[in-house]
Structure formats: C-alpha cells, structure tokens
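Encoded as structure tokens, the structure appears first; notes follow it.
We use all heavy atoms of the structure for the numbers below, so side chains are in, but hydrogens, waters and symmetry mates are not.
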Amino acid sequence: MQTFAGMLSQNRLSLDREACEALQINVGLLCNQACNHCHLEAGPRRKEIMDQATMAQVVEFARRGDFTGIDITGGAPEMNPSLPLLIESLRPLTPRLMLRANLTALGQAGQQELMGLLARSQVVVVASLPALNPSQTDAQRGSGVFASSLDVLRKLNALGYGQEGSGLELNLVSNPAGAFLPPAQSQAEERFRAQLQRRWDIRFNQLYTFANVPLGRFARWLRQSGNYDAYLEKLIDSFNSCAVECLMCRRQVSVAWDGYLYDCDFNLAAGLPLGGRRTHVNELSAPPKAGEPIALGEHCFTCTAGSGFT
Amino acid sequence: MAEYYDRKDLLNFGEIGSEAPELAKKFFDYYGEVFQEGELTAREKALIALAVAHAVQCPYCIEAYTQACLEKGSNLGEMTEAVHVACAIKGGAALVHGMQMRRLAAKLSM
C-alpha cells in the first residue's frame with residue numbers, strides 16, 4: 001500500500017508548517033448523535049469534554065497566538081456547558097470566530113440563548129447537512145436528523161444567519177453518505193442553494209464538500225461493509241499534488257479537549273501529536289513555527305483527494 | 001455469469017486499444033468529451049448513463065455509474081427514478097412492437 005509520505009516524496013513535495021494563522025479547539029467528544037462517518041467516534045456516551053481550567057489555558061494561548069481565525073468544534077460543542085464562556089472570551093481575540101454546530105444539539109430546548117449569543121457575537125456557524133434528502137442524511141447522522149436540521153436552519157435564518165447584508169455567516173458542510181467521494185463543490189453548492197430555497201425557504205452562504213476520513217467510526221464502517229481497501233485506493237488514485245500547497249494543517253494548530261496539541265483534528269483522532277510528542281497548550285509560548293514537520297498518516301490522502309480539504 | 005464478467009475488465013478497459021490504438025483513442029477522447037459539463041450538467045449526464053446502463057444491462061456500466069452518480073451528488077431516489085425511466089422505455093418499446101404483431105396478424109388472419 002502506498003504511504004502518504006511516499007506519495008509526497010514521489011511528487012517531490014514536502015508538508016511542513018507555515019506561519020500559523022488558525023486555531024481549532026475541540027471542546028469534547030460528547031455529542032447527541034453518533035454519526036456513522038465520525039472520525040472521532042463522538043457520541044452520547046463519551047465523557048471527554050474540555051473543562052473550564054483547560055478552556056482558560058486555551059484562551060491564554062489564543063491571546064498569545066494572534067490567530068486570524070479560531071474554529072470551535074467537537075463532538076457537539078453546544079453540549080459543553082462552558083461554550084458560552086469560551087465564545088465570550090475568544091470573541092475579542094480574533095477577527096473570525098467559527099462554531100462547527102451540530103444543528104440538532106443547537107435546536108434542543110434551552111439553546112435559544114446560545115443562538116442569540118452566536119448572533120450577537122457574529123460567530124460564523126458551520127453546520128453539517130450531508131444531503132438534500134432524509135434517507136442519506138439520516139443514514140449518516142441518525143433517524144430524524146434531516147427534519148430537525150432543517151428546523152434549526154430556519155431558526156438561524158430567522159436570526160439573520162445566511163441572509164444577505166446581515167453579516168451573519170451560515171456555511172454548510174456536506175460529507176458523502178457512504179464510501180464515495182464528494183461532488184465538486186461549486187456544482188453542489190448551486191444545487192443545495194436552489195433546492196433549499198425552493199423546497200424549504202432556507203438560505204446559506206457557502207457549501208463545503210469534504211470527503212470522509214477513514215478513521216474512527218467511519219473506518220470501522222468501511223471495514224465492516226467491505227469497502228475499506230477500495231475506498232483507500234480511491235483516495236490514493238485521486239491524489240492531487242496541487243492540493244498539498246493549500247492543506248489546512250500547514251497553517252493551523254488543533255487543541256484537544258484535554259489541552260494537548262495536534263496538527264489537525266484528524267491527527268487528533270489518529271493519536272498523532274504535534275511535533276511527535278505530547279505537548280500541552282500551556283507549554284507553548286507561541287504557535288508552532290514555520291518549517292516544523294507535520295505528522296503524516298494514510299488518512300492524509302483524504303485531504304489531497306480531488307480538489308482537497310482546506 | 002462470473003466467467004463472462006470480471007470486475008477487472010473495467011479497470012483494464014484501456015487495454016482494448018492495444019490492437020487498434022487510434023480507434024481506441026478516438027473513442028476514449030469522444031467518451032471523455034461527452035461527459036464534460038455542457039448544456040447538461042455532469043450530474044445529469046451520469047444519471048442518463050445510469051439509466052442507459054440498465055437498458056443495455058451492462059454490469060460494468062452499472063457499477064461505474066452508480067459510483068459516479070453518488071459522487072456527483074445524486075441520491076438513491078433520483079437514481080431509482082432514472083432506472084424506472086429506462087424500464088419504461090424498454091417496456092414501452094417491447095409493447096409498442098405489439099402493434100407490429102397486430103398488423104401482421106391482421107394481414108394473415110381471416
């Protein structure tokens with residue numbers, strides 16, 4: 001099997017860090033869903049969530065880092081009770097604060113206040129909606145998720161999210177509901193925009209189409225369904241050397257729920273720490289420097305397949 | 001059927017050009033051009049190809065265009081409707097030949 005490092009070397013490419021611009025914060029693996037494609041195996045039974053002490057350390061790191069973007073993810077970040085505090089603390093520290101919202105968790109009772117805070121703080125909401133039909137969406141994310149997700153998207157629209165001129169950005173993410181690659185982003189965005197507006201009167205800003213990463217629960221499903229080898233071959237065959245230049249891991253650092261650092265959320269799932277050794281956010285006086293190597297694994301082929309994962 | 005159809009045939013399809021490379025090149029160039037975005041989107045063309053694959057009952061094409069349709073963002077409902085279109089045309093084509101049968105039978109019958 002071709003290794004990712006081998007592929008880079010064959011193409012005379014290297015994957016090293018550049019100036020670090022973005023901070024990704026994973027506030028925990030607790031989630032109200034157990035999506036079949038989740039590389040972190042997040043779910044309702046997971047206990048790992050970021051506590052307030054670690055959050056305070058992450059906020060201090062963010063203050064030292066001068067990041068142009070900060071991206072909060074999970075699990076379902078909405079299920080961390082300290083999320084509002086984190087948002088308020090991070091808001092002054094970056095021009096672009098993003099929340100990867102699990103729409104169904106955001107729609108649960110008692111979350112109206114959080115929605116209001118997101119809007120007041122002009123947090124960019126990035127939400128998963130894999131498909132325009134319940135069968136594929138529910139197959140990936142759980143029964144009833146499609147209908148609940150549309151309800152929450154409507155609520156976000158009512159707050160101004162996705163509406164022209166509001167300054168409130170609502171972006172959607174579509175991951176394939178199976179062992180196949182995603183469609184081209186621009187064509188899929190056009191179709192999502194037309195259908196969401198016509199059928200459900202829902203608006204959004206941008207759609208991102210990302211391939212699923214063969215780690216965690218998705219890797220297990222691939223193996224159980226007999227698709228693992230063919231999927232990996234497809235990722236390898238779709239290697240796009242031009243995508244290497246724009247990979248997000250070059251310019252970001254990812255901090256896990258326990259404060260330890262990784263090059264990206266996928267390396268976190270794979271257990272490949274930043275710089276090859278476990279480093280706590282508290283130990284770094286500044287973000288990782290340009291030129292430092294990035295930990296590689298076969299899952300990296302996901303981010304270089306086709307137009308890439310940036 | 002396994003003796004007649006082998007999945008690897010599709011992966012090695014390019015080898016068909018070994019005896020007549022110019023013809024194969026013309027065919028594959030044409031094939032590639034057909035599936036480019038045009039008045040129809042690549043997604044719509046993949047759905048048409050899936051329907052035709054069923055009409056001509058080509059297992060290679062069914063595999064290739066099931067994958068292509070999913071990768072271009074089509075869902076199972078759309079793909080099933082495409083197969084029904086193929087089925088309706090195939091069935092209709094058989095049935096409309098019944099008119100020929102009726103004409104011939106009428107001519108032969110008292």
Worksheet item: If you check every heavy atom in residues 27-43 of chain B against those of chain A, which residues fall under 4.5 Å?
Response: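 Contacts with chain A: B:Glu37, B:Arg43.
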
Worksheet item: Going by atom types alone, do A:His39 and A:Asn212 pair a side-chain donor with an acceptor below 3.5 Å?
Response: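 No, because no side-chain N or O of A:His39 sits under 3.5 Å from a partner of the opposite role on A:Asn212.
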
Item to complete: Verify whether one side chain among B:Asn75 and A:Gln136 offers a donor that lies under 3.5 Å from an acceptor in the other.
Response: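 Checked: B:Asn75/A:Gln136 side chains show no N/O donor-acceptor pair below 3.5 Å.
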
Under 4.0 Å between a Lys/Arg side-chain N and an Asp/Glu carboxylate O for [X] and [Y]?
X: A:Glu169; Y: A:Arg96; answer: yes
X: A:Lys234; Y: A:Asp237; answer: no
X: A:Arg203; Y: A:Asp201; answer: yes

Discussion item. Heavy-atom cut-off 4.5 Å, strictly under: side chain, backbone, both or neither for A:Pro176 against chain B?
Written reply: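 Answer is neither: A:Pro176 stays 4.5 Å or more from chain B.
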
Worksheet item: Which region of A:Ala177, side chain (C-beta onward) or backbone (N, CA, C, O), has a non-hydrogen atom less than 4.5 Å from a non-hydrogen atom of chain B, or is it both or neither?
Response: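 Looking at A:Ala177, nothing touches chain B.
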
Practice prompt. Grab the two heavy atoms, one from A:Ser174 and one from A:Pro130, that are nearest each other, plus how far apart they are.
Written response: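 For A:Ser174 and A:Pro130, the tightest heavy-atom pair comes out as OG-O, 2.6 Å.
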
Worksheet item: Less than 4.5 Å apart, any side-chain heavy atom of A:Gln206 and any of A:Leu172?
Response: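 No, too far: nothing below the 4.5 Å cut-off.
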
Worksheet item: So, do A:Pro214 and A:Leu232 sit near enough that their side-chain heavy atoms are less than 4.5 Å apart?
Response: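 Yes. Closest side-chain heavy atoms under 4.5 Å.
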
Worksheet item: Would a line drawn from the ring center of B:Tyr60 to the ring center of B:Tyr65 be shorter than 6.0 Å?
Response: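 Judged by ring-centre distance (under 6.0 Å), B:Tyr60 and B:Tyr65 do not meet the cut-off.
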
Worksheet item: Between A:Phe146 and A:Trp200, is the ring centre distance below 6.0 Å?
Response: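 When the ring centroids of A:Phe146 and A:Trp200 are compared, they turn out to be within the sub-6.0 Å range.
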
Item to complete: With chain B as the partner chain, list the residues of residues 187-197 of chain A whose heavy atoms fall under 4.5 Å from it, by residue number, and write 'none' if nothing qualifies.
Response: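 Listed by number, the contacting residues are A:Gln187, A:Arg191.
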
